[in-house]
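Shown next, in structure tokens, is the structure this report addresses.
Please read these numbers as outputs of a predicted model, since none were measured by experiment. Chain naming here is simple, since letters A, B, ... match the order of the sequence lines and numbering starts at 1 in each.
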There are 2 protein chains.
Amino acid sequence: MTVRSAPDRLLAVLAAFDHDHPALSLTDISRRAGLSLTTAHRLVGALSEWGALERDASGTYHVGLRLWEVAALAPRGLALRQIALPYLEDLYEATHQNVQMAVRDGDEVVYIEWISGHSAVGVHIRVGARWPLHATGVGLALLAYSDAASQEAYCARPLVAFTPHTITDPAILRRVLAEVRRSGVAVSSRQVTEDALSVAAPVRNADGSVVAAASVVVPERDAQVPALIPAVRLAALGISRALGWQPRASGG
Amino acid sequence: MTVRSAPDRLLAVLAAFDHDHPALSLTDISRRAGLSLTTAHRLVGALSEWGALERDASGTYHVGLRLWEVAALAPRGLALRQIALPYLEDLYEATHQNVQMAVRDGDEVVYIEWISGHSAVGVHIRVGARWPLHATGVGLALLAYSDAASQEAYCARPLVAFTPHTITDPAILRRVLAEVRRSGVAVSSRQVTEDALSVAAPVRNADGSVVAAASVVVPERDAQVPALIPAVRLAALGISRALGWQPRASGG
């Protein structure tokens with residue numbers, strides 16, 4: 001066990017919780033955070049008193065409502081989602097397909113909203129899920145509008161394949177990104193699972209930076225891509241306007 | 001400045017952020033958390049490195065995406081909201097009114113979902129907002145199904161009035177709570193603002209405990225309460241079933 005600062009130890013307790021471990025005993029927390037049981041007990045006590053953790057009747061700890069309230073202030077999390085939700089609902093109304101929004105964090109997308117449509121595809125995304133940029137529609141849209149150095153760095157790293165259709169050739173990825181910038185829309189077909197296709201468009205903020213992407217995911221087999229493109233673009237433009245973006249004379 | 005433990009100081013930095021203060025400079029954080037600038041600088045550094053805070057180009061700090069990801073695991077926050085969202089969307093579809101879901105935290109409700117309807121009322125709720133139990137429909141629904149001791153304690157405390165219609169008489173509140181238990185639905189008319197009425201119903205989990213309430217808020221002037229009641233009850237029952245609740249032969 002390495003020597004760690006007090007903040008690091010407290011944050012290690014929070015980091016012990018993840019999607020596969022949403023409920024932990026004190027012993028679990030101690031083991032996963034790499035802390036002695038005594039230290040874990042003290043830190044869990046402080047976090048519980050504050051409301052960052054909640055203890056249920058069986059003595060198991062969960063993430064608490066107070067932490068959720070603070071986290072709701074994250075501009076790239078719930079705050080962005082709250083502005084976007086009416087437009088995502090309209091997109092769902094118009095398509096009745098799976099609708100989602102994601103932001104970039106490093107080399108991954110993080111889904112901050114997911115509305116389940118009536119058509120089932122093999123992609124099971126949840127809010128908070130992460131996925132590499134090159135496989136998903138939202139990821140391609142976010143990567144295409146990041147700066148050239150960041151794109152080149154991403155193309156230079158190993159590109160993991162999830163299906164035989166996942167782009168793994170950097171030269172092809174560069175061409176796809178150029179096409180996304182030209183058309184303003186990203187289409188990812190069977191790159192995540194064999195049965196799914198996604199259409200994504202960039203969301204801009206007041207200064208024109210691409211801060212998120214909105215998309216629909218549909219079964220690839222009967223995907224009506226030409227009909228989905230304007231719907232996704234309109235939703236993304238609506239969210240962008242709500243964030244203060246204004247199209248320039250050149251078209252933004 | 002009192003002597004505080006290391007966890008308390010770190011949590012004070014997080015608590016410096018609230019709805020009225022979602023973006024803070026290092027000086028703001030130091031002042032609001034009651035910490036020296038040196039200590040605030042060190043703690044903000046640790047929180048930023050971990051991703052709990054994010055620093056924008058102007059040097060201002062916001063709540064970060066990483067904290068939001070951990071908080072998304074809160075069973076009473078995003079996790080519950082994720083299960084409930086399809087039913088809340090259906091309720092919105094059926095009514096086109098403001099739809100919300102809330103949980104109880106102490107003597108208050110905390111809104112964990114809010115879908116804005118087409119009709120404007122003077123109530124401006126946001127996700128994460130808090131409101132006293134006795135004024136709101138969701139609060140009355142949550143209070144009515146809490147244990148007798150907790151209800152009596154609440155009735156014994158001062159009941160703040162927000163309009164001339166807010167219940168402030170404990171005897172009336174007790175009668176209203178009994179009526180909520182009898183009918184399975186709570187109606188709050190002009191108790192929060194002069195123009196709004198809400199209809200709320202309890203949401204139960206697998207063991208039958210009431211863990212949340214769903215509601216619609218409509219303009220009081222032309223509220224069709226008899227038509228709203230079955231819609232809200234059905235949505236709340238749907239969420240309850242999705243949480244594993246099963247009606248007993250007696251009717252649950």
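Heavy-atom pairs under 4.5 Å with chain B were tallied for A:A6, A:A15, A:G64, A:A52; the largest tally goes to A:A15. When the candidates B:L43, B:L85, B:D105, B:D18 are compared by the number of heavy-atom contacts under 4.5 Å with chain A, B:D18 comes out ahead. For the set B:L65, B:D8, B:V110, B:V13, the count of heavy-atom pairs under 4.5 angstrom toward chain A peaks at B:L65.
A salt bridge is absent between B:R76 and A:E69; no separation between the charged side-chain nitrogens and carboxylate oxygens falls under 4.0 Å. Salt-bridge formation is detected for the pair A:E113/B:R81: a Lys NZ or Arg NE/NH1/NH2 atom is positioned less than 4.0 Å from an Asp or Glu carboxylate oxygen.
The contact between B:L10 and chain A is made entirely by side chain atoms (from C-beta outward), counting heavy-atom distances below 4.5 Å. With a threshold of 4.5 angstrom between heavy atoms, A:I112 approaches chain B through its backbone and through its side chain. Using a 4.5 Å cut-off between heavy atoms, A:E49 does not touch chain B at all. Proximity to chain B (any heavy atom under 4.5 Å) is shown, for A:P86, by neither the backbone nor the side chain.
Considering A:L67, A:V63, A:L14 in turn, A:V63 is the only one that fulfils the side chain to side chain contact (heavy atoms under 4.5 Å, CB included) rule with B:L73.
Two residues are said to be in side-chain contact when any heavy atoms from C-beta on lie closer than 4.5 Å; A:P7 and B:R42 meet this criterion.
Among all heavy-atom pairs drawn from A:A71 and B:W68, the shortest one is O-CD1, 3.6 Å.
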